[in-house]
Visitor: 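I have a structure here, written as structure tokens, and I will follow up with some questions on it.
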There are 2 protein chains.
Amino acid sequence: MKVAVLGFGTVGFGVYEMLKNAGGLEPGSVLVRPGKNDADYKVTSISQITEDPDIWAVAEVMGGTDPAYEYVSAALCAGKHVVTSNKALVAAYGPELEKLAAENDVAFLFSAACGGAVPFLHNIALAVESDRILSLGGILNGTTNYMLDAMQSRFMTYADALADAQALGYAEADPTADVSGMDALRKIMLACAVAYNMLPDSGLCCEGIESITAEDVNHIQAKGYTCRLVTSGGLSADGRLYAYIEPVLFPANAPECSVLKNFNMAKYTGENSGQIVFMGQGAGRWPTASAVLRDLNDILHGKRFMMQPDCKRVAADNSLCEHKYYVRLSEELADSIPSDRADVYDGTARLITKPMSVKTMHDIAKELRKGGNKVFFAAIGE
Amino acid sequence: MKVAVLGFGTVGFGVYEMLKNAGGLEPGSVLVRPGKNDADYKVTSISQITEDPDIWAVAEVMGGTDPAYEYVSAALCAGKHVVTSNKALVAAYGPELEKLAAENDVAFLFSAACGGAVPFLHNIALAVESDRILSLGGILNGTTNYMLDAMQSRFMTYADALADAQALGYAEADPTADVSGMDALRKIMLACAVAYNMLPDSGLCCEGIESITAEDVNHIQAKGYTCRLVTSGGLSADGRLYAYIEPVLFPANAPECSVLKNFNMAKYTGENSGQIVFMGQGAGRWPTASAVLRDLNDILHGKRFMMQPDCKRVAADNSLCEHKYYVRLSEELADSIPSDRADVYDGTARLITKPMSVKTMHDIAKELRKGGNKVFFAAIGE
């Protein structure tokens, strides 16, 4: 079966090469920018793919929503199966695309968009058919995990850790999507859509790693904790969905502490299966390409949907989950947060809050920052 | 689709209950021993299942090979799909049963037989379609992991750890299959069959945890290591298969150290995907039942094989892999093993060997034990 590839960057090249050796699949044409079509198999117009009857499926690995949304829609309407690694696309237009796929009786799969080689969404999609997913989440951004690990294992500053990640190609020139938490938040949106057939697209709480300093790391490590950036999602017994991302402090021996460098760890808890944990490379040419190929093989087996064609957009409710938080802020603000105890040194207070909801903690930090105050916070994990 | 269940023990009851709530599936009759048929849906003869045209698939969860082999063969010949959690059955007769399934155009899946809820074989089967598995293995026996964890975290003796595991229902009255390593060795045999379409059934090296003592644990922990019972398999570049099980010592922060209680950790390394790690409950009613249901859903999607119908039996070659080993034996035998250094105390030597092949180390231990000597050994992990 011939597979066309949209985009010929890091992942696109990997997909094209892997297709050459995959049983039952072979590479078709590759869509590139005008002027980049320096070989026979490279085309510059999507219609050269949608109108080609030999093309069985399309692998979209361009990234971004424009023109990816237009191209993927065109491919689905032309009766081509689509596999994508593009989390921004699925977070923005997943329900529409899944519906379009159903109308045209073709598949729309996107497990490469969440966790790279880690087969997270694939296994959630299979699990929900016979089990109820109680919660899900994990470490879903390799760039920030690399930076946190570098700060904690090699005592780097935030700026040096970022520069190191950029030099290694783990972080973009503009690292905002990664360090703000937005990239991983999109992934948990997709995971919720697969697990609950609801795409949370408002009410989300998003705290990345931009506020952490080398001093924070020192203090956290002295207390025996390791910091990771963790996404969480789940459905309450009364049907309310939560979805958020924030730094979390783990005690030594927590499995999260063994997630080093740019690795990912994803997990879900099924009512019957119990907790299932996945670890692996969340990004990179070959790991991501291997996930694209996995989805293509899944289509060969007859798989069609990851979210359902009637997937609904919903508002997340992050007042459901409560944690204690570790908070660093200036001494004079320490009383603004109910806490059990505080270390105060040189004008800086570090405190452990009373249990409070995710929404409350994120709102407090937002409010304090509006006033120009610097705040770092992280949930205390178990 | 109606699913009959063979066996109504811990897992059988779980499968039956889960089938009541699974989309697209429903429970059919349950095969029990004569005299145990105290309800309408319970039958005592396999022909009541094979001759029932309403039965779409059979879940075999009896364990053992007799009469499981006869019953599963009969079900396949009657055109019923079969899913099993029975590793002894698949290790002994997998190739014959897979062939029989192919001849009758039905499925034979067994991911519940390796790792319980951990979706190990399922993901290997999908990965091999587009990637090459370089190696695989992990902690695949929850009983021995529970015992090792109890000895290391709670300083129990071997006898107390075993009694504790038995009291909790993790270990059988006769724990031989678990503590000898045989149970987990069968699982790596299955994983190799799925990954390489070769079932290693001779030349295997099998060292369990029967030789470890509280003193060994003390010494190992003082050196900063944690002991786990680990299976390993893989294919060399020249096509030779290795498969073995032995205790392995891991440095702190290795992911294996965070596998506590009766949890499992399975992993494979794909040429493209890199290393993928899975953790979860490897046994128990609901985790194992959830794996059986996962396979049934996979059949609904069109999946037919995990190993191929032409899967060959091969001899494993464990002279391929080399490690340094930690060995404890009596002082007068210390010179019988080439080593870098030895701690000698009170007539007991503890040494780190020069790198040697798995086969060599297992053969040396076997030879020494023939003479009535007590030996404990564990590979030094990375």
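Residue numbers begin at 1 in each chain, while the letters A, B, ... track the order of the sequences.
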Visitor: Please list every donor-acceptor pair closer than 3.5 Å that links chain A with chain B, giving the two atom names and the distance for each.
Guide:
from: A/His122; atom 1: NE2; to: B/His122; atom 2: NE2; distance (Å): 2.7
from: A/Asn123; atom 1: OD1; to: B/Asn123; atom 2: ND2; distance (Å): 3.1
from: A/Asn123; atom 1: ND2; to: B/Asn123; atom 2: OD1; distance (Å): 3.1
from: A/Glu129; atom 1: OE1; to: B/His301; atom 2: NE2; distance (Å): 3.0
from: A/Glu129; atom 1: OE2; to: B/His301; atom 2: NE2; distance (Å): 2.6
from: A/Val277; atom 1: N; to: B/Met279; atom 2: O; distance (Å): 2.7
from: A/Val277; atom 1: O; to: B/Met279; atom 2: N; distance (Å): 2.7
from: A/Met279; atom 1: N; to: B/Val277; atom 2: O; distance (Å): 2.7
from: A/Met279; atom 1: O; to: B/Val277; atom 2: N; distance (Å): 2.7
from: A/His301; atom 1: NE2; to: B/Glu129; atom 2: OE1; distance (Å): 3.0
from: A/His301; atom 1: NE2; to: B/Glu129; atom 2: OE2; distance (Å): 2.6

Visitor: With respect to chain A, which residue among B/Val118, B/Leu293, B/Leu19 yields the maximal number of heavy-atom pairs within a distance under 4.5 Å?
Guide: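 Max contact count across the listed options: B/Leu293.
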Visitor: Counting heavy-atom pairs under 4.5 Å to chain B, which of A/Pro287, A/Ala22, A/Gly302 comes out on top?
Guide: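 Top option by heavy-atom pairs under 4.5 Å: A/Pro287.
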Visitor: Could you report the tightest heavy-atom contact between B/Pro119 and A/Ile276, atom names first, then the distance?
Guide: CD-CG2, 3.7 Å
Visitor: Would you mind telling me which of B/Ala289, B/Cys257, B/Ala117, B/Ala254 has the largest number of heavy-atom pairs within less than 4.5 Å of chain A?
Guide: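 Looking at each option in turn, the highest pair count goes to B/Ala117.
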Visitor: Only pairs of heavy atoms separated by less than 4.5 Å count here; which of B/Leu25, B/Val277, B/Val259 has the most with chain A?
Guide: B/Val277
